[in-house]
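The structure displayed is predicted, hence computed values, not measured ones. Residue numbering restarts at 1 for every chain, and letters A, B, ... go by the order of the sequence lines.
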Amino acid sequence: MAKYNHKKVESKWHKKWLAEKVYEPDLKNAKNPFYNLMMFPYPSAEGLHVGNMYAFVGSDIHGRFKRMQGFNVFEPIGLDGFGIHSENYALKIGEHPMDQARVSEKNFYRQLQMIGNGFAWNEKLETYDPEYYKWTQWIFIQLYKKGLAYRKKSAVNWCPSCLTVLADEQVISGECERCGTKVIKKELEQWFFRITKYADKLLKGLDKIDWSEKVKIAQKNWIGKSEGASIKFRLTDVTGQKDGKHFVEVFTTRPDTIFGVTFIAISPEKAKFWLDIGWQVSEEVKEYITKALSDRVTRDQNQDKDKSGIFSGISAINPANNEKVPVWISDYVLAGYGTGAVMGVPAHDERDLEFANKFKLAISGAPLVSIEEGIKKSVGKKTTQFRLRDWLVSRQRYWGAPIPMIHCEKCGWQPVPEKDLPVRLPYIKNFRPTGTSESPLAADEKFFKVKCPKCEGVARRETDVSDTFLDSAWYYLRYASVKDKKYAWDQAVTKKWFPVDMYIGGAEHSVLHLLYVRFLAMVFKDLRLTNFDEPFKKFRAHGLLIKDGAKMSKSKGNVINPDEYIKNYGADVLRMYLMFLGPFDQGGDFRDGGIKGITRFLDRVWNLSQTLNLKSQNDNPKLQIVLNKTIKKVTEDLENLSYNTSVSALMVLLNEFEANMESVGKNELEVLAKLMAPFAPHMSEEIFREILKNKKSIHITPWPKFDSKLVKDKEVDIVVQVNAKMRAVIKMPVDSLQKDVEEAAKNNENISKYLTSPVKKVIFVKDKFINFIV
RNA sequence: GCUCGGGUGGUGGAAUGGUAUACACACAGGACUUAAAAUCCUGCGCCGCAAGGCUUGCGAGUUCGAGUCUCGCCCCGAGCACCA
């Protein structure tokens, strides 16, 4: 009996699959396209993380299943290699990011090859390839032309370790998404994308896409739509003249509480703005404003929720009842949300209550009115506010796509002419972040010294690079047109393949990548560059993989290196084990001991293929039923990504085969091989082609069909209860009538002894269950 | 604080309101072996000699019947966090 040599078998099929183009769909002419996409990796660290492997295998299994169901599956792969993540790693090991990219690329592609996924290798892409980022820059220009990319000075997130600004989405609980350092605020002029323009659309679109519910909820909360009213309060004094001509406008979701207003609170930023236009206040108030503003910059945003504040010295008039209320300046009022001012209603808002208690402001007992009346009485205006802020896209780092803009003293900001793209990232020796709020590219005169595209005068090229999340916000479009020199994506191909049919990735990208991608897709549609506004029809988040009950981390030294496991056990074992750990959407606990179960299973499958008599005919009706049931179960489970239960169904099938070896023949082996092909593509192929002597790859042969007449047993176990307590299990022919089951049950001695008093009621469920109430 | 997931044997985990603990790991006993590993067979929720009883974080409820539905708690994980 030939022993199974996973190394030989796996590398043999890798070569053949490539040569036979098993996983290369005809992108132009495919009849039945299915775009199966997985989030591409950051190729930065020591190699591919087993967590990536887990996600990729889970995605690949779905793709292989769809391919066998007759779809032309497109399953591309690439590297999200630009960005802080890769650059930080290069810095850490003392290599130049541009050199390191080539090393990481080779290693990653080797590992991705080893795992045996059905990737369309001809379409691979890397975001740091000038042929790719040329189009990233082109996209930036399209947004700029439509007024969706703009510069603005504001208090932005700054990571003191990565030495760059960050988008709001990249600050996780007050810390830098990449390095975990506490983020501070800095007042800087930066490039933004106007994602807020699409806030409502981003929210509404969620209703029509089939995505993991938790991701939709996270996006909904992040967008944070609030409906309410803006109400103007007349001020008694702002500029020193007691003219009453000035107003403060507040936003509230509770106009019904208008009569309970006991104070107005404005943000320090708004107060500063008033100062700048001539507001006269005491020195004490000025000091408070200065301090509050500087605290905003340095304060740890995660702690210290203690509210501070000061009475400004002026009052405002409640338009609903003409009552005078004091105007306070407080740090609990955010500058970037609503109008930067709130009406204080301590009776109905916890924060207002806390503030009122601290500063002894009186709580009003005024009654509520209806929302409509509140708005009417206060002459307010119905408005909607979003929590979402514009996407800050510029970064003061080296390893990214240069922002394709040029600044001319005379003509202002000018986009780089499209014919001049790409703006190549130069190879500069000193690529370290500077910390001066400027990119290291600002030290490269050859790079930034350019002519103005408009007046040809002396101008300066933008030296910031764009956020990595811009690279990854459109990569799925490029995959299908990766060879196109003329356009970012080919119209005909795009029409055929998009939107993506199935996207699989991590839920940690809920309000990062997954939000940005949707935004840009909507922009592309509006620019008539595509014909769809939601990029992914279906998205499923996979769970987190842990090791022996703990999170994997380098510091704990419990990070799994997939290479070792592939070497020792083979890719098929690793794939199948990863899927068997637990529900794919919930993750699982990787324990070395558990691998044995899968190793044994695949060994037994191999032994079966070596020892059975291929000429055997299956004349065993029970085995036929098990076989058909398994086909049904695995088919349904693969559709739902319930991988752990399909593996267990395959195990049950193997157990049955082994117990009925005389009935297991060519057909049975072929069905087993096909059902396990998505999980263990190498061994399945070996069995299908070398033992069963098929010419074509198993991965492009039709998925087994089940006979719906054969998924039901001929005889079923019926649970018999007396007063809802189980007393017996009886075997009955399938579809037995109530009267027959009743009779059989009553004749059962376990039952008859409980039926001493007359039966009051019988509850019967066909083929399952009968309950006598006495 | 708010919003999502979860809580089932020694462990990972199965269960359209209808036999809770499938499948696997670990463990124990046996076979094979000079021996070990591998492999194969048997057992394996708890109490009990048994008959039987108990068991899905805790407490109520709906139902003939609840791991599953409803309400109130407790614990764990993830996300958001002064968004007015």
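- When the P atom is used for both B:rA66 and B:rU19, the distance is 12 Å, rounded to whole Å.
- For A:N221 and B:rC82, the CG to P distance is 14 Å, given to the nearest whole Å.
- The side chain of A:N771 lies closest to B:rC64 when the candidates are B:rA84, B:rC64, B:rU3.
- Among the protein residues, A:V333 comes within range of the nucleic acid bases, having at least one heavy atom under 4.0 Å from a base atom.
- Side-chain atoms of A:K761 stay outside donor-acceptor range of the base of B:rC64, with no qualifying N/O pair under 3.5 Å.
- A donor-acceptor pair shorter than 3.5 Å cannot be found between the side chains of A:Y332 and A:S267.
- With a cut-off of 3.5 Å on both Watson-Crick or G-U wobble distances, the partner of B:rC58 is given as B:rG72.
- Residue contacts for A:A218: at a heavy-atom cut-off of 4.0 Å it reaches no nucleic acid atom on any strand shown.
- For the pair A:R387 and A:W222, the distance from NZ or CZ to the six-membered ring centre is under 6.0 Å and the angle to the ring normal is within 45 degrees.
- The partner of B:rC40 is B:rG30, judged by Watson-Crick or G-U wobble contacts that both fall below 3.5 Å.
- The pair A:E658-A:R604 meets the salt-bridge criterion, since a charged nitrogen lies less than 4.0 angstrom from a carboxylate oxygen.
- Using cut-offs of 30° and 60° for the angle between ring planes, the A:F590 and A:Y577 rings count as perpendicular.
- Here, B:rG6 and B:rC44 have their P atoms 31 Å apart, quoted to the whole Å.
- Across the protein-nucleic acid pair, A:I258 atom CD1 and B:rA84 atom P stand 16 Å apart, rounded to whole Å.
- Across all strands shown, the partner of B:rC80 is B:rG1, judged by Watson-Crick or G-U wobble contacts whose two distances both fall under 3.5 Å.
- Checked for salt-bridge contact, A:D331 and A:K307 miss the test: no charged N lies under 4.0 Å from a carboxylate O.
- Among the protein residues, A:Q721 comes within range of the nucleic acid bases, having at least one heavy atom under 4.0 Å from a base atom.
- Nucleotides B:rC40 and B:rC32 place their C1' atoms 8 Å apart, quoted to the nearest Å.
- When both pairing distances are held under 3.5 Å, B:rG65 makes no Watson-Crick or G-U pair with any nucleotide shown.
- In this structure, A:N655 places its CG atom 13 Å from P of B:rA22, rounding to the nearest Å.
- Among the protein residues, A:I172 comes within range of the sugar-phosphate backbone only, with heavy atoms under 4.0 Å from sugar or phosphate atoms but none that close to a base.
- Contacts between residues 626-640 of chain A and RNA chain B, defined by a heavy-atom separation under 4.0 Å, are absent.
- When the P atom is compared between B:rU68 and B:rC58, the two are found 11 Å apart, to the nearest whole Å.
- With rounding to whole Å, A:L654 atom CG is found 18 Å from B:rA22 atom P.
- Among the heavy atoms of the strands, none lies under 4.0 Å from A:K760.
- A donor-acceptor pair under 3.5 Å links the side-chain atoms of A:N640 to the main chain of A:E636, judged by distance alone.
- The interatomic distance linking A:D585 (CG) with B:rG13 (P) rounds to 12 Å, in whole Å.
- Distances shown here put every side-chain N or O of A:T645 at or beyond 4.0 Å from the OP1 or OP2 atom of B:rG13.
- The nearest whole Å value for the distance from the CD1 atom in A:I546 to the C1' atom in B:rA78 is 13 Å.
- With salt bridges taken as basic N to acidic carboxylate O contacts below 4.0 Å, one links A:K766 and A:D735.
- Within the 4.0 angstrom heavy-atom criterion, only backbone atoms of the sugar-phosphate kind lie near A:G593; the bases stay farther away.
- For A:R591, whose side chain is taken as the heavy atoms from C-beta onward, the closest listed nucleotide among B:rG52, B:rU11, B:rA84 is B:rU11.
- A residue-by-residue look at A:M726 and A:I773 shows that A:M726 has its nearest nucleotide of RNA chain B further toward the 5' end.
- Relative to the six-membered ring of A:F386, A:K225 misses at least one condition, a distance below 6.0 Å or an angle of at most 45° to the axis.
- Annotation: of the two residues near RNA chain B, A:S648 and A:K225, the 5′-most nearest-nucleotide partner is A:S648.
- In B:rG9 the base sits syn relative to the sugar, since the glycosidic angle is no further than 90° from 0.
- The partner of B:rC46 is B:rG53, by the rule that a Watson-Crick or G-U pair needs both atom distances under 3.5 Å.
- Heavy atoms only, all atoms of each residue included: A:C159 and A:T181 are closest at SG-CB, 4.0 Å.
- Here B:rA84 presents its C1' atom at 13 Å from CG of A:D256, a figure rounded to the nearest Å.
- Look at the C1' atom in both B:rG9 and B:rC25: the space between them is 13 Å, to the nearest Å.
- Taking the centre of each ring, A:F263 and A:F355 come in below the 6.0 Å mark.
- Following rounding to the nearest Å, A:E169 (CD) and B:rG79 (P) show an atom-to-atom distance of 16 Å.
- To the nearest whole angstrom, the two P atoms, one in B:rU11 and one in B:rC46, are 11 Å apart.
- Within the nucleic acid shown, A:L334 comes within 4.0 Å of at least one base atom, counting heavy atoms only.
- Side-chain nitrogen and oxygen atoms of A:Y337 include at least one within less than 4.0 Å of the OP1 or OP2 phosphate oxygen of B:rA84.
- Counting any heavy atom pair closer than 4.0 Å across all strands shown, A:D717 reaches a base atom.
- Using a 4.0 Å cut-off, no side-chain N or O of A:K725 falls inside it from OP1 or OP2 of B:rG53.
- If you check B:rU3, B:rG12, B:rA84 against the side chain of A:T252, the one that comes closest is B:rA84.
- Summarising the base pairing, B:rC25 is matched to B:rG10 through a Watson-Crick or G-U wobble pair whose two defining distances lie under 3.5 Å.
- Closest to the side chain of A:K214, from the set B:rA84, B:rC4, B:rC82, is B:rC4.
- Using the six-membered ring where Trp is involved, A:W391 and A:F519 have ring planes that are perpendicular, over 60° apart on the 30 and 60° scheme.
- The side chain of A:T253 lies closest to B:rA84 when the candidates are B:rC23, B:rA84, B:rA81.
- Only the C1' atoms considered, B:rG61 is 22 Å distant from B:rC54, to the nearest whole Å.
- Using a 4.0 Å heavy-atom criterion, one finds that A:F580 contacts the bases of the nucleic acid, with or without backbone contacts as well.
- Between A:K761 and A:F772 there is no side-chain heavy-atom pair separated by less than 4.5 Å.
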Item checked: Contact pattern, 5' to 3', of nucleotides 36-50 of chain B - B, S or - by protein heavy atom under 4.0 Å -> --SSS----------

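- Here the nucleotide nearest the side chain of A:I763, chosen from B:rA24, B:rC64, B:rA78, is B:rC64.
- Within the 4.0 angstrom heavy-atom criterion, base atoms lie near A:R389.
- Using a 30° and 60° split on the angle between ring planes, A:Y54 and A:H542 fall in the perpendicular class, above 60°.
- Checking A:S230 against A:E249 by side-chain atom types alone, a donor-acceptor pair falls below 3.5 Å.
- For A:R387, the side-chain atoms get nearest to B:rA81 when compared with the rest of B:rA24, B:rA84, B:rA81.
- Residue contacts for A:V719: at a heavy-atom cut-off of 4.0 Å it reaches a base atom on one of the strands shown.
- Between A:N644 and B:rA24 there is no side-chain N or O to OP1 or OP2 distance below 4.0 Å.
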